[in-house]
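Letters A, B, ... are given to chains in the order of the sequence lines, protein chains preceding strands, and every chain is numbered from 1. Note that these values count all heavy atoms, side chains included, but never hydrogens, waters or copies made by symmetry.
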Protein chains: 2
Amino acid sequence: MTDPRMIRAKSGTNHEGTSAHNRRVMIDALRVNGALSRADLARATRLTKQTVSNIIEELERDGLVVPQATVRKGRGQPSTPYALVPTGAFAIGLQIDRYVTRAVAVDLMGTQLARAEADLPAGGPANGIMVVLELIAGVRGELAKVAAESEKRLVGLGVAMPGPFDVEGADNDQWMMEAWQKFPLLETLAARTGLNVGLQNDAAACATAERMVGAAHGLDNVVCLYLGYGIGAGLILNSELYSGASGNAGEIGMALLSAGDPKRTALEHRASLASLYLHLGIDPAAQGVHDEIGRLAAEDNPRLREWVSEAAGNLRWAVHLVETIFDPQTVIVCGGAPEALARRLLAAMEPLLPSIADRPGRSLPRLTLGMTDPWSVALGAAAEPIGRAFDPRFCAIMK
Amino acid sequence: MTDPRMIRAKSGTNHEGTSAHNRRVMIDALRVNGALSRADLARATRLTKQTVSNIIEELERDGLVVPQATVRKGRGQPSTPYALVPTGAFAIGLQIDRYVTRAVAVDLMGTQLARAEADLPAGGPANGIMVVLELIAGVRGELAKVAAESEKRLVGLGVAMPGPFDVEGADNDQWMMEAWQKFPLLETLAARTGLNVGLQNDAAACATAERMVGAAHGLDNVVCLYLGYGIGAGLILNSELYSGASGNAGEIGMALLSAGDPKRTALEHRASLASLYLHLGIDPAAQGVHDEIGRLAAEDNPRLREWVSEAAGNLRWAVHLVETIFDPQTVIVCGGAPEALARRLLAAMEPLLPSIADRPGRSLPRLTLGMTDPWSVALGAAAEPIGRAFDPRFCAIMK
DNA sequence: CCCATTAAGTCAAATTACTTGACTTAAAAC
DNA sequence: GTTTTAAGTCAAGTAATTTGACTTAATGGG
């Protein structure tokens, strides 16, 4: 007898799947384009006016869209644009980093409505899980105060933490995170919060954030270079976050800088905040580190300038590499570096190396500065459940 | 008035879309798993028995599946497995390379039923297009002789040629191909053959071939390193070929070997058949070059050994890089190198560099030898229209 | 040897959700 | 003031899945 678990197949779909897909397509269209009339939506989605009307009616009943003032535009009956209601859905994002954890609550549009951070005690999840749970509960409570229906409309909890996940012989400075990764975090959080829980690495979270509210909004193929304690790439390919066979795609920081180098130097040893801290002799666990390096960057500190120069050289190569491999619409630099530092890095990276991205008729710059905000990872973590709930490509068609 | 062309949205779907998706899911399941009963299909696709029955009936009427002998397996009524009919669909693949062009005709299962090759005259498409058209016509005629209904069941013509496409300042040795790329090839072929025409680069074609009949069969996340005149990566991500924003994803051969190198040496200058020909002082346009280097590899020629050693070092790094960036299930080495040479390269690449691919519980090797056959690119080109027609992920849900 | 059990597969009706085509409404153009 | 154009609604039609009862055909226990 054929073991049914051995049969590999994709899922079929039915009318509900069709309907869910169409709803998501419409929500996505409204998110990307802003308010649209039913007629516009019908043209854009290639559905009939009637179908669009039905779905809009349902979305309005569900409190996800509202009609705007009618618009006269030439001949014909004026149209009534519909806009997404920001308070139509909420999500909570949680970042677990090496020394700190952050939680934010966002609405459907990605606006932050509440947030809080806490230091993570040493010793991994055994000591930290309570801190995390309290942080989430606090933000959730704040959200409930600001938005009446938030509990009913919470679509999930997104978690972001540094990768890689489930790898043998990970880097030494990862030992803190390793304990977290062995811990049944998702199960615990799901059980204790009652929410759907999803996980991404920090670079992926940043890309998710950029896609929802940042430089990648409305783009389909983007690579986000996330400069944090390490360096990772968040990959948006065909409008979808790509996470690889085991969730570790984009760990570009572990890429060796050259084929021949016997010392096997990885990119993040030369271009990451960790390498900057090392270069400057700063303790990354100390309070106010972020502001400190922001100040150094603003005043163009010579030691920092040295690092920028070398890091920029390596990042220039990293950009060349991802352009060559992914052929994205643009590359976005984002992450936990202070904006002054990020701007210096971007400036130092020019001119970029030649690559296939030098093509005629580009409309976007090859390199874009994205969010430089310590909260962007938590924001992206929060964006993940919203994307999951409302993104038409998220396997929406399957049952 | 809002310009409808300015509105960006994904396409909605309807019952036909649903149905098409379910048909494709079933065909895909049969392709990956072999013959399955309706009950098995219902379980695997999460559709009802009745729906599966309806679709199977339709597929049988269309000549795409046939019932096999019934199978008794324990209690209950014996099941009737259904198998794909190889002659249910046909496609033609065309490879346009620098000095030669090849065409193959394949069936639904990827079996080659006819093939032919021809030298390409210098001067690009002006002189070459007639050669190509005659080649296609020849193969098409052969196919018609072997398979009665082939004309009715031809799903398309796939074209593969070296990339990158539409890039400024492409490599010098690409000038021959540049003329081809400027030529309205797809339009001409579509007009002259009356078939649906699709285009891939050669690495992508090889990956498509590996997925249909090779080492990537049934896998969802695979990188194929295609060693040809240059070197490229064919990317299968989430079961789908990824081709980037402008069709040039995977042009890894143009990746610079190190961040610092002022000479800006690209990978394919060190690890590609072009570099081997250069190293050996062989004219790549000469007849019998392929057999020649195969012979040299078989007899372990010292000059060739030198090249293998250096190329393997660089390929080892390339594997490390794609593992780090894509986190694939496996990396497949394939392409136009003779098998003896490919085996030497693979052997020389061990041990691989450490990477996130070193994870516990892997079932597949990190590195696999794929097809080493000059025809594999043409085969992959032919597989593309079949995939397009029968792959459930190929935007099947959209209208 | 018979009958209960199990599983494959069919039948016919119900349901869901999209489409169709005619119609209404409201504004601009002539 | 009439015509034209476009947005949007109404009601019936249609395609495709689901549902639940039924049929068929095998195994296995008593």
Check whether any side-chain nitrogen or oxygen of [X] sits under 4.0 Å from OP1 or OP2 of [N], and answer yes or no.
X: B:T80; N: C:dG9; answer: yes
X: A:N14; N: C:dT16; answer: no
X: B:S79; N: C:dA7; answer: no
X: B:T51; N: D:dT17; answer: no

- Query: Taking atom CZ of B:R192 as the centre, does the number of heavy atoms from other residues, nucleotides or ligands within less than 6.0 Å exceed 12?
  - Reply: no
How long is the line joining [atom1] of [X] and [atom2] of [N], in whole Å?
X: B:K73; N: D:dA25; atom1: NZ; atom2: P; value: 17 Å
X: B:K49; N: D:dT23; atom1: NZ; atom2: C1'; value: 11 Å
X: B:R43; N: C:dA8; atom1: CZ; atom2: C1'; value: 9 Å
X: B:H21; N: D:dT17; atom1: NE2; atom2: P; value: 11 Å
X: A:L47; N: D:dG8; atom1: CG; atom2: P; value: 15 Å

- Which atom names give the shortest non-hydrogen contact between B:H217 and B:V32, and what distance separates them? NE2-CA, 3.7 Å
- Axis-to-axis angle across the helix from C:dC1-D:dG30 to C:dC30-D:dG1, five pairs an end, to 10 degrees?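 Comparing the axis at each end, I get an angle of 0°.
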- Residue whose nearest DNA chain D nucleotide is more 5′ - A:H15 or A:S53: A:S53
- Considering only heavy side-chain atoms of A:A39, the closest of C:dC18, D:dG8, C:dT10 is D:dG8
- With distance as the sole criterion, do the side chain of B:E16 and the base of C:dC18 form a donor-acceptor contact below 3.5 Å?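 When only heavy-atom distances are counted, B:E16 does not reach the base of C:dC18 through any donor-acceptor pair under 3.5 Å.
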- Query: Donor-acceptor pair under 3.5 Å: do we get one between A:Q50's side chain and the base of D:dC10?
  - Reply: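 When only heavy-atom distances are counted, A:Q50 does reach the base of D:dC10 through a donor-acceptor pair under 3.5 Å.
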Review item, nucleotides 25-27 of chain C N/O atoms under 3.5 Å of protein N/O:
{"unit_1": "C:dT25", "atom_1": "O2", "unit_2": "A:Q77", "atom_2": "OE1", "d": "2.2"}
{"unit_1": "C:dA26", "atom_1": "N3", "unit_2": "A:Q77", "atom_2": "N", "d": "3.2"}
{"unit_1": "C:dA27", "atom_1": "N3", "unit_2": "A:G76", "atom_2": "N", "d": "3.4"}

- Item | Residue pair B:S37 / B:K73, side-chain heavy-atom distance below 4.5 Å | yes
- Message: Run the ring-ring contact (aromatic ring centres under 6.0 Å, His included) test against A:F390 and tell me which residues pass, sequence neighbours left out.
- Response: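 Result, ring-ring contact (aromatic ring centres under 6.0 Å, His included) vs A:F390: none returned.
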- Message: Nearest 0.5 Å, please: how far is CG in A:D28 from OG1 in A:T45?
- Response: 11.5 Å
- Query: What is the nucleic acid contact for B:N54, judged by heavy atoms within less than 4.0 Å: base, sugar-phosphate only, or nothing?
  - Reply: base
- Query: Side chains of A:T87 and A:D107: do they bring a donor and an acceptor to under 3.5 Å?
  - Reply: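 A:D107 and A:T87 do not have a side-chain donor-acceptor pair below 3.5 Å.
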